[in-house]
Colleague: 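Structure below; questions to follow.
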Amino acid sequence: MSLKHLHRKLRNTDLPSEEFDPISAFESFETPVISNIIPPDRYTEPKEDYSDIITKVEAKKPQLASALKKLNLYQQQAVFSEDQKLLLSAMVGSGKTTVLTHKVLYLHFIKGIPLSQMAVLTFTNKAAREIKERILSFYENSTPPNSDELRYFGTFHSVARQLIKEHPKLQELGFTPDFSIMDQEAKEDFLQRLIVSHELDVKYRNKLDKRLKLYRNEKQIIYGNMKNPDDLVQLLNISRKEKQANNLMDFDDLISVINWLLKLKKTFIPEWIIVDEFQDCNQEQIELIQNLSDDQNHFFAVGDPNQSIYAWRGSTNVIFQNYIEDQSFVIMRLPLNYRTSGQLLNAASCLLQQNNDALQATRDQGKKLIIRNHFDDHQEAYYYVQKFKEVHQKGTPWTEIAVLFRTRQQIAIFESVFQLEGIPCEVVSKTKLREQAALFWLQNILLSGLHPNDMDSILRVFTSTDFGCLKAGKKLLSAYSKFTEGKEFASKLEAFSCFLSEKYKKHAEYIDLCQRLMGLADYLQSRKRDVNLYQYLSLDFFLKPTSINYQDDVADIKNALNELDHYTSKNYFGDWLEIYRAALSQVSLEGHFQINSGIQTETKGVRLLTIHAAKGLEFDHVYLSGANSGIIPLERKKAGYDHLKEEKRLLFVALTRAKNHMEISWHTKSSAWNAQDGPSYFLNSIPSALVEKVDTAPAKNSAIETTQKVESNDDSKWKVGTKVKHPKYGTGEIKSCNEQDVVCDFGKFGEKSFASAWAPLVKI
DNA sequence: CTAACGGCAGTTTTT
DNA sequence: CTGCCGTTAG
């Protein structure tokens with residue numbers, strides 16, 4: 001039976017019992033798949049008491065001892081374990097970061113392991129920063145470790161960058177240690193430029209990234225409706241050569257290059273390898289861990305198979321299985337949850353596959369999980385406006401409230417309603433450097449100065465719509481390549497400088513800028529501490545003091561330059577140029593200029609985020625919005641059984657974000673694409689004793705209510721006969737309309753119908 | 001050479 | 001439902 005049919009069947013039948021579990025139903029149809037379940041007898045249980053060790057710690061480092069006393073026995077067991085290979089299966093909210101940092105401190109202060117002999121690997125910059133900060137906070141009265149000692153504390157990618165730079169065989173791959181890092185978008189620009197300048201035929205160009213992944217993982221060239229292979233392979237070959245020639249690496253290259261180098265020659269074996277969020281490792285990251293190991297050194301990994309929600313990104317779901325079978329691994333657990341109240345946690349754990357008492361609540365019973373039915377997202381948004389005002393009145397700060405969504409598209413309507421009704425709110429998503437024109441321009445200026453062969457950065461400096469002087473496009477590229485044909489230049493930057501002064505004499509200031517960029521490296525070297533890049537590059541001229549954004553741009557750029565200053569002087573070890581390059585790499589890796597620890601932007605307001613983005617966070621009140629079947633689990637054409645399981649874990653993650661109040665909503669009439677009527681059938685695996693079901697409003701009344709609401713807030717709703725304008729079809733006249741659809745006659749384009757809430761029509 | 005139609009895929013996001 | 005490719009009909 002196909003997944004699609006199963007979906008159909010589950011939707012159309014009244015489910016036999018409340019405890020019916022579609023996953024087990026599905027399992028009985030399909031061949032069994034490897035599971036992540038760790039058998040209970042595989043766990044090493046803690047001792048009754050660790051006070052003997054704590055007494056020893058007390059003698060050496062009283063501050064650490066008092067912190068260790070606060071841990072529970074499972075946590076102490078993991079911290080004190082001297083097993084060579086240890087896997088810690090940490091349940092949600094069980095204090096895994098605490099264990100990890102205490103373990104590092106214990107190893108360092110008590111076991112005498114130098115921090116520089118530990119590789120502490122995380123997936124996100126946020127996690128890396130948190131661990132470093134917690135460690136530094138232990139040095140209140142003594143000199144903290146310098147950044148050189150914490151060199152191998154960081155994300156997989158930043159540690160890989162560090163290791164690549166230090167590796168003696170890098171030249172053999174055609175790179176030099178001052179390579180520059182392209183972020184995802186820079187890589188995309190780079191490939192698109194190659195396609196244009198080499199006149200390659202590549203289909204689905206806007207889905208290039210997806211296609212490259214497919215090719216890398218499954219060697220698949222045909223995508224979508226393609227019949228014949230295109231020039232994708234050729235593009236990859238050209239891009240590889242181009243990257244080597246110009247000393248560029250993308251994020252993926254960082255990991256694969258270091259793996260290649262370490263296989264050639266192992267240069268560094270840390271005494272301890274410590275990995276956070278181990279379940280998110282992909283194959284290459286596992287390889288990196290292996291390449292950093294020999295049979296002497298220690299390995300400690302913390303992870304939670306139940307929170308593995310990134311399989312689609314390549315994290316291997318067999319990872320825990322492998323280590324369970326490997327008897328040389330000791331496995332411990334952290335079963336005690338400190339975050340969520342009892343009944344909510346019980347409800348959440350019904351979604352797990354291992355349903356023995358793997359997850360234990362330590363808190364009070366608390367309130368029941370609420371499953372609420374709304375007519376649609378609009379009604380729900382207004383319900384939240386009321387509800388949040390009440391909750392806030394009773395003393396819950398806005399920041400302790402979060403609304404979770406499965407997809408990003410669901411968020412917009414809530415944001416606009418909250419803004420309209422005065423609920424402070426914030427959509428959590430990373431603001432891209434690219435969207436802040438001035439900072440993006442600065443980044444490219446510095447990149448072109450420090451990596452004079454980085455053609456894309458150079459191009460972006462001079463073709464920036466706000467601050468450049470040239471127009472980007474095929475014309476420019478071909479003019480440039482015609483100009484350089486048969487000539488030799490020391491660097492791309494020099495070539496471009498000649499090109500400018502030959503063909504664009506009138507842009508004297510930009511030719512000047514080019515000259516100064518060529519001198520940037522020398523400037524940074526010779527002026528040592530006393531750099532003033534703002535002046536040196538005459539940025540004030542380019543920021544155009546007459547422009548409307550001038551004040552903001554100058555402030556942003558000065559801030560960014562301060563950050564760079566701070567970073568470079570803090571991490572200075574004897575080579576200014578090198579440290580500036582490191583700083584810029586960090587900017588690429590983190591996607592912003594705030595690269596110094598300790599600086600976190602304070603958020604205020606209710607948070608609107610996807611479940612994925614909520615991982616690792618916790619809130620007092622959590623609302624999961626629009627949990628209809630078809631959304632949770634998100635239905636796809638090509639869905640596997642693993643996909644279903646991951647979607648279930650995703651729901652688990654959502655439910656365990658809440659400390660005290662959790663509400664799941666579903667819509668009678670969902671506007672989301674693909675959504676089915678009715679609540680997620682995953683919810684059927686939660687016994688009714690743990691749930692409070694609320695039918696907010698009978699469908700008909702609320703339908704009228706919501707449309708009235710819409711009309712009162714937005715008085716431009718359609719009436720028959722209204723003349724309207726459409727961006728594509730031009731002017732037309734409304735032929736009919738109801739609360740869902742608008743039909744409009746556009747003359748020569750004929751009649752078109754739109755969803756009334758979203759119709760791109762303007763009244764005229 | 002262009003318009004119309006059929007078929008397929010789409011989410012989530014960190015570095 | 002949208003965007004894109006490939007085919008086919010005019």
Side-chain angles (χ1 to χ4, degrees), chain A residues 121-129 154-161 181-187 201-211 213-214 220 222-230 249-256 258 276-277 280-282 284-285 288 308-315 404-411 428-430 432-433 585-592 595 609-616 626 630-639 643 646-647 649-651 653-654 670-675 728 740-741 749-750 752-755 757-760:
Chain A
L121 302 170
T122 66
F123 284 85
T124 63
N125 289 301
K126 201 174 141 211
R129 202 165 275 190
T155 60
F156 273 89
H157 290 83
S158 65
V159 172
R161 175 183 177 273
I181 296 173
M182 297 189 278
D183 61 31
Q184 189 57 46
E185 276 154 322
K187 181 189 167 186
D201 171 35
V202 177
K203 314 278 186 208
Y204 288 99
R205 242 193 260 186
N206 50 353
K207 295 197 166 70
L208 197 53
D209 198 53
K210 188 142 256 177
R211 292 199 55 201
K213 260 193 203 105
L214 261 179
Q220 188 183 320
I222 304 296
Y223 177 88
N225 255 355
M226 286 166 59
K227 269 233 155 129
N228 303 308
D230 56 5
M249 287 192 210
D250 62 38
F251 286 148
D252 293 339
D253 294 335
L254 287 173
I255 309 285
S256 53
I258 190 58
D276 188 24
E277 303 277 13
D280 288 340
C281 275
N282 64 24
E284 290 212 297
Q285 285 159 332
L288 175 55
S308 156
I309 54 175
Y310 284 107
W312 51 271
R313 218 167 66 191
S315 84
L404 308 189
F405 304 85
R406 176 60 184 84
T407 68
R408 200 166 260 290
Q409 294 123 318
Q410 295 168 270
I411 299 181
V428 177
S429 66
K430 215 165 140 183
K432 285 175 187 150
L433 196 47
S585 296
Q586 202 58 31
V587 171
S588 296
L589 286 171
E590 297 209 29
H592 51 78
I595 48 177
L609 30 59
T610 61
I611 304 174
H612 284 90
K615 195 183 176 200
I631 300 293
I632 295 182
L634 200 63
E635 202 175 319
R636 299 193 310 176
K637 285 221 172 63
K638 233 195 240 170
H643 166 74
E646 182 152 319
E647 292 283 323
R649 290 194 296 266
L650 202 55
L651 183 58
V653 169
S670 177
S671 59
W673 169 75
N674 216 5
K728 197 166 155 195
Q740 275 167 54
D741 297 309
F749 291 104
K752 308 275 173 190
S753 107
F754 306 92
W758 304 110

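Convention: sequence-line order gives letters A, B, ...; per-chain numbering from 1.
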Colleague: So Gln184(A), base contact, sugar-phosphate only, or nothing? Heavy-atom distance under 4.0 Å.
Modeller: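 If one applies the 4.0 Å heavy-atom cut-off, Gln184(A) turns out to touch a base.
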Colleague: Report the residues that fulfil side chain to side chain donor-acceptor pair (under 3.5 Å) with Asp250(A), sequence neighbours left out, ordered by chain and then residue number.
Modeller: Lys243(A)
Colleague: Glu590(A) vs Arg129(A), test: salt bridge (charged side-chain N to carboxylate O under 4.0 Å, His left out). Steps then yes/no.
Modeller: CA-CA 11 Å; Glu590(A) 297 209 29; Arg129(A) 202 165 275 190; 3.0 Å; yes
Colleague: Separation of Arg313(A) atom CZ from dT15(B) atom P, in whole Å?
Modeller: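 Value for this atom pair: 8 Å.
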Colleague: With the side chain of Ala613(A) defined as its heavy atoms from C-beta on, choose the nearest nucleotide among dT15(B), dT13(B), dT12(B).
Modeller: dT13(B)
Colleague: Can you tell me the distance, in whole Å, between the CD atom of Gln410(A) and the P atom of dG10(B)?
Modeller: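 Atom-to-atom, Gln410(A) to dG10(B), this comes out as 18 Å.
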Colleague: Reading DNA chain B from 5' onward, which residue's closest nucleotide shows up sooner: Phe123(A) or Thr407(A)?
Modeller: Thr407(A)
Colleague: Listing time: all N or O pairs from protein to nucleotides 2-4 of chain C that are below 3.5 Å?
Modeller:
{"residue": "dC4(C)", "atom": "OP1", "partner": "Asn206(A)", "partner atom": "ND2", "Å": "3.1"}

Colleague: How long is the line joining CH2 of Trp312(A) and P of dG10(B), in whole Å?
Modeller: 13 Å
Colleague: With heavy atoms under 4.0 Å as the rule, sort Arg408(A) into base, sugar-phosphate or nothing.
Modeller: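 The answer is sugar-phosphate, as Arg408(A) gets under 4.0 Å only of primed atoms, P, OP1 or OP2.
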Colleague: The side chain of Leu589(A) is closest to which nucleotide in this list: dT15(B), dG6(C), dT12(B)?
Modeller: dT15(B)
Colleague: Taking any heavy-atom pair under 4.0 Å as a contact, classify Asn125(A): base, sugar-phosphate, or nothing.
Modeller: sugar-phosphate
Colleague: Out of dG10(B), dT15(B), dT12(B), which has the shortest distance to the side chain of Thr610(A)?
Modeller: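 The answer is dT12(B), which lies nearest to the side chain.
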Colleague: How long is the span from the CZ atom in Arg649(A) to the OG atom in Ser308(A), to the nearest 0.5 Å?
Modeller: 4.0 Å
Colleague: Who passes side chain to side chain donor-acceptor pair (under 3.5 Å) against Gln184(A), sequence neighbours left out?
Modeller: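 By the side chain to side chain donor-acceptor pair (under 3.5 Å) rule, Gln184(A) matches Asp209(A).
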Colleague: Select one nucleotide: of dT14(B), dG6(C), dT13(B), the one nearest the side-chain heavy atoms of Thr124(A).
Modeller: dT14(B)
Colleague: Who pairs with Phe251(A) by ring-ring contact (aromatic ring centres under 6.0 Å, His included), at least two apart in sequence or on another chain?
Modeller: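 If we apply the ring-ring contact (aromatic ring centres under 6.0 Å, His included) test to Phe251(A), skipping adjacent residues, the hits are His157(A).
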Colleague: Among all residues two or more places apart in sequence or in another chain, which pass the side chain to side chain donor-acceptor pair (under 3.5 Å) test with Asp230(A)?
Modeller: Arg211(A)
Colleague: Please state how far atom CG in Leu404(A) lies from atom C1' in dT12(B), giving the value in whole angstrom units.
Modeller: 13 Å
Colleague: Quickly work out the Ile411(A) CD1 to dT13(B) P distance and round it to whole Å.
Modeller: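 Rounded to the whole Å, the gap is 8 Å.
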Colleague: Whole angstroms only, please: what is the CE-P distance between Met226(A) and dT7(C)?
Modeller: 12 Å
Colleague: Whole angstrom is fine here: how far is it from CZ in Phe251(A) over to P in dT14(B)?
Modeller: 11 Å
Colleague: What pairs with Ser585(A) under side-chain contact (heavy atoms from CB on, under 4.5 Å), at least two apart in sequence or on another chain?
Modeller: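 Expected list: Arg161(A), Ile181(A).
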Colleague: With heavy atoms under 4.0 Å as the rule, sort Tyr223(A) into base, sugar-phosphate or nothing.
Modeller: sugar-phosphate
Colleague: If I take atom NZ in residue Lys210(A) and atom C1' in nucleotide dT12(B), what distance separates them, rounded to the nearest angstrom?
Modeller: 9 Å
